[in-house]
Amino acid sequence: ILNVEQSPQSLHVQEGDSTNFTCSFPSSNFYALHWYRWETAKSPEALFVMTLNGDEKKKGRISATLNTKEGYSYLYIKGSQPEDSATYLCASPQGGSEKLVFGKGTKLTVNP
Amino acid sequence: KAGVTQTPRYLIKTRGQQVTLSCSPISGHRSVSWYQQTPGQGLQFLFEYFSETQRNKGNFPGRFSGRQFSNSRSEMNVSTLELGDSALYLCATAPTAGISGNTIYFGEGSWLTVV
């Protein structure tokens, strides 16, 4: 059974700080790694889908890297803003299907 | 273009009743999946439909069922509701099935409270 883990569980930073968090997944039978940002009362927003070892993707101040050989991905936020406060989820598809197995998320709070 | 639309957004049901939730995918999306989110648990996969066929199923009892219509809209049904079924139910859609690199888009969810 695919197990996806995220750390830390929660994080409090000050506005302007840069931060990063980790997603770990089994390195065998890897298909893809999805990152989502989920604000309260909204739908999870797709940030990145990463498939290749060494992939780096960027969207504004948010970027992500992927290491499929060792089974981890990092999400970085540069110069955090209060509007970045959200839960960040990673997920990996089981068996290459649309069945995403999610980590429990990292809850980021950015204090003004 | 319109996003994933789920109805109803909020509902309260009594133990033993049944409930039907609806999901309209993004136009052109043919894969529809359902997830359950409960406090303390991550998003748990319920099932996935593509071209009116269930392709994948999660580890939930038979009280949870779903279907997909020819226009790709999907419904999920929970019969004989239990208190533990209180959760946020999310629908997610993708253009096709079986492609790991698909971006999967989520609706805002249906909040179900069972009393």
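In what follows, every chain begins at residue 1, and chains take the letters A, B, ... in the order their sequences are listed.
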Does any heavy atom of chain B fall under 4.5 Å from the side chain of [X], the backbone, both, or neither of them?
X: A:Ala41; answer: backbone
X: A:Leu33; answer: neither
X: A:Phe48; answer: neither

**OP:** Could you work out the complete set of other residues in the hydrophobic cluster of A:Tyr72, with links drawn between I, L, V, M, F, W and Y side chains under 4.5 Å apart?
**Re:**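 Reading the cluster by chain and number, A:Tyr72 sits alongside A:Tyr74, A:Tyr76.
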Original post:
Taking the hydrophobic residues Ile, Leu, Val, Met, Phe, Trp and Tyr, and joining any pair whose side-chain heavy atoms are under 4.5 Å apart, which ones share a cluster with B:Leu11?
Top reply: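 Its cluster mates, by chain and number, are B:Val19, B:Leu21, B:Val32, B:Trp34, B:Leu46, B:Phe47, B:Tyr49, B:Phe60, B:Phe64, B:Met76, B:Val78, B:Leu81, B:Leu83, B:Tyr89, B:Leu112, B:Val114.
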Subject >> 4.5 Å side-chain heavy-atom contact, A:Ile77 and A:Leu108 >> reply: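 A:Ile77 reaches A:Leu108 side chain to side chain.
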**OP:** Report yes if some heavy atom in the side chain of A:Val110 is under 4.5 Å from a heavy atom in the side chain of A:Gln14; otherwise report no.
**Re:**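 In short, these two side chains do not touch, never coming nearer than 4.5 Å.
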**OP:** Decide if atom CG of B:Asn59 counts as having more than 12 heavy atoms of other residues, nucleotides or ligands within a radius under 6.0 Å.
**Re:**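 12 or below, so no.
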Original post:
Most heavy-atom pairs under 4.5 angstrom with chain A, which of B:Gly107, B:Gly58, B:Gly42?
Top reply: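 Among the listed options, the one with the most contacts to chain A is B:Gly107.
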Subject >> Atom group of B:Gln44 that falls short of 4.5 Å from chain A, counting heavy atoms >> reply: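 Neither part, no heavy atoms under 4.5 Å.
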